[in-house]
Amino acid sequence: MPVDLNGYWKMISNDNFEEYLKALDVNVAIRKIATLLKPDKDISVDGDHVVIKTLSTFKNYNMDFHVGKEFEEDLSGVDDRKCMTTISWEGDKLVCVQKGEKEGRGWTHWVEGDRLYLELRACGAVCKQVFEKT
């Protein structure tokens, strides 16, 4: 049974985020703003239906998907691209693969204790974020 990701999570660390954004070709002005933010995550899981809201004072991004079903993801709020995305459970980890212009793009969410971990990947760059449940 997958781990329970439900809840509201506050960011406590964000390592290597600028390098990840560079790998996505995000312009320098947006990168500088984005690296100053500490977005929250609001996650709700109902069976195979998952909604992940990334909330910040600058921009919000919502993902609404069904685990195991490929969909076209519009990343206009991130790097202005579209990709074909599939998200699946691999043990206790929610793993996303994004097929498109950028090689090796995707992310992994998992929980250890009262912390939510997020690893973002693109073109060999890896960002690690940690959140605490509120």
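In what follows, every heavy atom counts, from backbone to side chain, and hydrogens, waters and symmetry copies are set aside.
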> Would you call Glu119 and Arg121 a salt bridge, taking side-chain N to carboxylate O under 4.0 Å as the test?
Replying inline: yes
>> According to ring pair (Phe, Tyr, Trp, His ring centres under 6.0 Å), does anything in residues 13-36 pair up with another residue at least two apart or in another chain? List the pairs.
In response: none
> Is it the case that one hydrophobic cluster holds both Leu118 and Ile12, taking links as side-chain heavy atoms less than 4.5 Å apart, direct or via other members?
Replying inline: no
> For the atom pair CD (Glu73) and CD (Gln98), what is the distance rounded to the nearest 0.5 Å?
Replying inline: 4.5 Å
> With the 4.5 Å side-chain cut-off for hydrophobic clustering, are Met63 and Val3 part of the same group?
Replying inline: yes
>> What I want to find out is whether Lys10 reaches Asp40 closely enough, with some N-O distance under 4.0 Å, to be called a salt bridge.
In response: yes
> Which heavy-atom pair separates Leu37 from Thr57 by the least distance, and what is that distance?
Replying inline: CD2-OG1, 3.7 Å
>> Nearest 0.5 angstrom please: Lys53 NZ to Asn62 CG, how far?
In response: 6.0 Å
> Would you say the side-chain atoms of Lys102 pair up with the backbone N or O of Ala23, donor to acceptor, closer than 3.5 Å?
Replying inline: yes
> Which pair of non-hydrogen atoms, one from Ile43 and one from Leu5, has the smallest distance, and what is that distance?
Replying inline: CB-O, 3.5 Å
> Would you call Arg115 and Glu132 a salt bridge, using N to O less than 4.0 angstrom?
Replying inline: yes
> Residues two or more places apart in sequence or in another chain: which of them pass salt bridge (charged side-chain N to carboxylate O under 4.0 Å, His left out) with Glu18?
Replying inline: Arg31, Lys32
>> Nearest 0.5 Å, please: how far is CD1 in Ile87 from CG in Leu94?
In response: 6.0 Å
> Which pairs pass ring pair (Phe, Tyr, Trp, His ring centres under 6.0 Å) with one or both residues in residues 57-107, sequence neighbours excluded?
Replying inline: His49-His66, Trp107-His109
>> If I compare all heavy atoms of Ser44 with all of Asn6, which pair ends up nearest, and what's the gap?
In response: CA-OD1, 3.1 Å
> So how far is it from Ser88 OG to Glu70 CD, rounded to the nearest 0.5 Å?
Replying inline: 11.5 Å
> For atom NZ of Lys128, is the number of surrounding heavy atoms from other residues, nucleotides or ligands below 6.0 Å larger than 12?
Replying inline: no
>> Looking at Asn14 and Gln129, would you say the former's side chain and the latter's main chain have a donor-acceptor pair under 3.5 Å?
In response: no
>> Could you tell me if Lys41 and Thr54 have a donor-acceptor pair between their side chains, going purely by distance under 3.5 Å?
In response: yes
> Same cluster for Val97 and Leu24 if Ile/Leu/Val/Met/Phe/Trp/Tyr side chains link at under 4.5 Å?
Replying inline: no
> Considering residues, nucleotides and ligands other than Lys99, do more than 12 of their heavy atoms fall under 6.0 Å from its NZ?
Replying inline: no
> Do the non-hydrogen side-chain atoms of Leu75 and Arg105 ever get within less than 4.5 Å of each other?
Replying inline: yes
> If Ile, Leu, Val, Met, Phe, Trp and Tyr residues are connected whenever their side-chain heavy atoms lie under 4.5 Å apart, and connections chain through other members, are Trp9 and Val45 in the same group?
Replying inline: yes
>> Testing the basics here: between Asn27 and Ile30, what is the closest heavy-atom pair and its distance to 0.1 Å?
In response: OD1-N, 2.9 Å
> Do Asp92 and Val111 have side chains that get closer than 4.5 Å, going by heavy atoms?
Replying inline: no
> Any chain of hydrophobic side-chain contacts (each under 4.5 Å) joining Tyr8 to Leu116?
Replying inline: no
>> Once rounded to the nearest 0.5 Å, what's the spacing between atom CG of Asn16 and atom CG of Leu120?
In response: 10.5 Å
> Is NZ or CZ of Lys93 both nearer than 6.0 Å to the six-membered ring centre of Trp110 and within 45° of the ring axis?
Replying inline: yes
>> As an exercise, state the distance from SG of Cys83 to CG of Asp74, rounded to the nearest 0.5 Å.
In response: 9.0 Å
